[in-house]
Amino acid sequence: MHKTVKDIVDMKNKQKISIVTSYDYTLATLCDNAGIDVLLVGDSAGMVMLGYENTIPVTMEQMSLFTSAVAAARKNSLVVADLPFMSYQTSVTDAITNSGKLIKAGADAVKLEGGAEMADTVSSLVEIGIPVMGHIGLQPQTTMLTQGYKVQGRTKDAAIKLIEDAKALEEAGVFCIVLEMVSHEVAKIITDMVNVPTIGIGSGLDCDGQVLVIQDMLGMYEKINPKFVKKYLNLSQDIVSAVKNYKQDIETKHFPAKDNMFSMDETEYEKLKKEIES
Ligand code: KIV
C-alpha cells in the first residue's frame, strides 16, 4: 500500500518529509524506488517538460496526462497533482470539477496556490473528500505576473500576511503547506504555529519537509539556476557527452555492435542466399 495523506501529516515533528516533482513514468519509477515520500506532479512541467517561459499556459489536459504517467509508476509514494492556472481560481465549481479530473487521473491529492482568499475553495474540496496541499510565498502562477521571482516575507507586514495565510489554509483543512522562497525566519514561525506539515522550497531548514524540481536537483535544466537548488548530479553534461558518443559510434560504425544485433538461423540464411542467387 502506498503512503496516504494521513501518513504525511503524521510525519510532522517526527521525520522530515521528502518531495520531488515528477511528470513521467520513467523518472517517477526511480524516485518511488528511492523511497521519496511524495511525488508532486507540479505545473513546473510547463517549463521543464514543455519549454514554456512559466507555468501560466499549462492546461488541465496536460496535467492529467502527466498525473496518469506518475500514478502508473508509483508503488510507495503519495501522488499530489497541481491544479494549473485558471483551473480553480474561476469558481469553486471549477475547482471541484478539475480536482476530480486529477484524482481520476491517479492523484491522491491536489495542490493549489493562494492563501486566505482560497480558504473557501479549499474547504469545499476537503468537505467532499479531496485532500488539498496549500502553496504560499512565491506563487509562480500569480506572483510572477506582479513581482517576478522574489523572496517573500522579508518585511514585518509581509511576514504577518504569510502567517495569516498559513493559518487560514490550516483552518480550511489543507493537509500540508508548501512555502516557496519564504525567508527562513518566517518559515520557522509558520512551521511552529501550524499543526500541518510545511514543505519548503527555498525556505530554509526548519520546514517539516523539502521539495525540489527533479530536473533542477539532477542538473538537467539549465535555463534558470535558483540559489536554493542543490544539484546532486550534473546530468546535462553527462547526457550531452553520452549522446555525442552515440553519434560518433554511428558515424564510425562502432554501433550497433554484434551484441546489439539479431541473427537469422544459419541454415535458414544459407537457404535464403541460395534462393536469391537462383
Ligand atoms: O510546480 C511545482 O513544481 C511546484 C513546486 C516547486 C512546489 O509547485
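When a residue number appears, it is its place in the shown sequence, counting from 1. Atoms within a ligand are numbered from 1 in the order they appear, just like the ligands themselves.
- Transitive grouping of hydrophobic side chains (ILVMFWY, heavy atoms separated by less than 4.5 Å) brings Leu212 and Met49 into a common cluster.
- Protein heavy atom nearest atom 2 (C) of ligand 1, with residue, atom name and distance: Ser44 OG, 3.2 Å.
- At least one side-chain heavy atom of Gln141 sits less than 4.5 Å from a side-chain heavy atom of Asp43.
- Under the 4.0 Å criterion applied to side-chain N and carboxylate O atoms, Lys14 and Asp10 are not assigned as salt-bridge partners.
- Counting protein heavy atoms only, atom 8 (O) of ligand 1 is closest to Lys111 NZ, 2.8 Å.
- Every atom of ligand 1 is numbered from 1 in the order shown, and the set under 4.0 Å from a heavy atom of Asp82 is 1 (O), 2 (C), 8 (O).
- Counting only heavy atoms from C-beta outward, the side chains of Leu102 and Met63 approach each other to under 4.5 Å.
- Within ligand 1, counting atoms from 1 as listed, the ones closer than 4.0 Å to a heavy atom of Ile201 are 6 (C).
- Nearest to atom 5 (C) of ligand 1 among the protein's heavy atoms is Leu40 CD2, 3.7 Å.
- The ligand atoms of ligand 1 that sit less than 4.0 angstrom from a heavy atom of Gly42 are 1 (O), 2 (C), 3 (O).
- The only member of Asn76, Ile214, Val70 that meets side-chain contact (heavy atoms from CB on, under 4.5 Å) when paired with Cys31 is Ile214.
- Salt-bridge formation is detected for the pair Glu270/Lys273: a Lys NZ or Arg NE/NH1/NH2 atom is positioned less than 4.0 Å from an Asp or Glu carboxylate oxygen.
- Any N or O atom pair closer than 3.5 Å counts here, and Glu180 shares no such pair with ligand 1.
- Considering both main-chain and side-chain atoms, Asp43 comes within under 3.5 Å of ligand 1 through a nitrogen or oxygen pair.
- Ion pairing between Lys111 and Asp82 holds under the 4.0 Å rule for side-chain N and carboxylate O.
- The shortest N/O to N/O separation between Thr21 and ligand 1 does not fall below 3.5 Å.
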